[in-house]
Amino acid sequence: MKSLHFSALSSAVVLALVIGANNAQAVGVAAGTPINNTATVDFTVGTVTSTASSNTTSVTVAEILDVVVTAPTLLQTPVAPGTNGQVLRFRLDNLGNGPEAFRLILDNAIGGDNFDPVAASPSIYMETGSCVAPGAGVFDGTDVPVVPGSEPVLNADECRYVFVVNNIPSSVVDGNTGRSTLTAEARTGSGTQGQVFAGQGVGGTDAVVGVTLADDVAQGEYLVQGVTVTAVKTQAVVDTLGGNRPLPRATITYSIAVNAVGTGTATGSAFTDNIPAGTTYVTGSLTLNGTPLSDAADLDAGVYEAAPVARVRVSLGNLTQAGGTQTIQFAVTID
Amino acid sequence: MIKGTHKYLAAAALIACSFGSQAFAQGAQGCIVLKSIAEVAKEVVDAKGVKTVTMVVADKVVPGVEVTWTVTANNVCKQPSEKVTINNAVPAHMTYVASSAFGAGSDITFSLDGAKFGTPDQLTVQENGATRAALAAEYKHIRWVFKDSLQPGSTAVARFRAVLN
């Protein structure tokens, strides 16, 4: 009678399983795996010892549907007005325990910003390899446009980079922001935690919505920046006779004034200048805003490189208009 | 009418058969019928919104779900069985839940390797040259040794829980 009671309920188990511990991080045992158990018993009757085995219970691992979308690493992606093909890089993680495709939805009509980016056509690309593969995450010609209904399948625990491509309207002005969100939903289904899609998991097992509710959304933001970096180079010649003529062994001191003009920040700026032919760099002559920079490649911002091309390089970092003029100086002698 | 008689006879034969096997089992073999059942907790909300948790047969489970196994040993012979010992390995891909093994009237021991059994305080693991107590999650085998003899018609119950990895 007891076993009847259980078998009557066994069909109900698919309706709502009580999900145990939070398992958002762990992918878990692969969907479709059978979990078998057989007990044995040893006993003695009179003087005879015997062994018996139980039936084998078999539980199948159901497919759990879990997905995470991660926003671009850059909080704001700098763009210029009227530029096409501006990329936001998202990351898609299949946290489930079975292979799953995810519907990807781009939304550019997001509140709290100044303009709506315009989706390019196509607007969503996916990298073909894992996001942890060497060199992953670069938007190039190898990325494949995502076709709705034919999204790539990600294996359990696999991650891919997804590139959202938008055009920036020409009407925007410096300081404007424009937001895009990328939503991913498990193709099998999403909804409330514990919701079951009977028979739709790997190998006909059930698919169950996990703690992420099998969908996720992340936001990227464009920032219109009209910053231009200018460099003005001047020179002063001092010859060995006390004059200003470019004679052999005369010294030429170059001054380069670097300015950022406009709004925003020019990140990672660097200045490079080749030593003119027929001249030789004066050792130790490199300065930034009057402060000497050693010629060696070391902790300070400057370096003189003799090869392959004789040149000076100065890292200027992030430049803003408010930061004012950066003045670089170095000297050469005429051979 | 003849058909009905046949039915009756068939049923009688079945009963006789089962008695027969029971009688045959007096030699110990087959004296204990061992059954295993896997169940999960299912939350049911009634019309009044009251939640109750019932156990239902585990069919398909997702990682993180706790499964309860109940093993019953039923003495179908006319003589008592002595030294009834139930062994159950923690199933593959599952992690034993600490303190979940239960069996009225039994001494419960565990094993990491299936050879050396002991109580939790007796089980140790060598790690980085040091000895430490084994964690419940490392138990791979469970053994219930029932202290009293199992009387004819009686059932001994062993139970444990494990979480799907």
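Any value given below was found using the heavy atoms of this structure, including those in side chains, with hydrogens, waters and symmetry copies removed. All chains are named by letter (A, B, ...) in the order of the sequence lines, taking the proteins before the strands, and each is independently numbered beginning at 1.
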Under 4.5 Å to a heavy atom of chain B? For A/Asp42 that would be both

Margin query: When you measure from the side chain of B/Asp46 to the backbone of B/Gly49, do you find a donor-acceptor pair of N or O atoms at a distance under 3.5 Å?
Written below: yes

Item to complete: Dump the intermediate steps for side-chain hydrogen bond (donor to acceptor under 3.5 Å, both in side chains) on B/Arg159 and B/Thr70, then the final yes or no.
Response: CA-CA 4 Å; B/Arg159 183 172 282 154; B/Thr70 305; 3.0 Å; yes

If one checks every heavy atom of B/Val71 against chain A at 4.5 Å, the contacting part turns out to be side chain

*asked:* For A/Glu127, is there any backbone N or O sitting under 3.5 Å from a side-chain donor or acceptor partner on A/Arg160?
replied: yes

Interface check, chain A: of B/Val33, B/Val67, B/Leu34, most non-hydrogen pairs under 4.5 Å belong to B/Leu34

When the 4.5 angstrom heavy-atom criterion is applied to A/Thr49 and chain B, the contacting part is neither

Turns out that what part of A/Thr38 lies under 4.5 Å from chain B's heavy atoms comes down to backbone

With a 4.5 Å limit on heavy-atom distance, are the side chains of A/Val41 and B/Val84 in contact?
-> yes

Counting distance only, does the side-chain N/O of B/Ser111 pair as donor-acceptor with the main-chain N or O of B/Lys116 below 3.5 Å?
yes

Bottom line for B/Ala38: the part with an atom under 4.5 Å from chain A's heavy atoms is both

Residue from B/Leu164, B/Asn87, B/Ile142, B/Ile86 scoring the most non-hydrogen pairs under 4.5 Å with chain A is B/Asn87

Checklist entry - Could you go step by step and tell me if A/Glu100 and A/Thr188 meet the side-chain hydrogen bond (donor to acceptor under 3.5 Å, both in side chains) rule? => result CA-CA 8 Å; A/Glu100 184 70 24; A/Thr188 302; 2.9 Å; yes

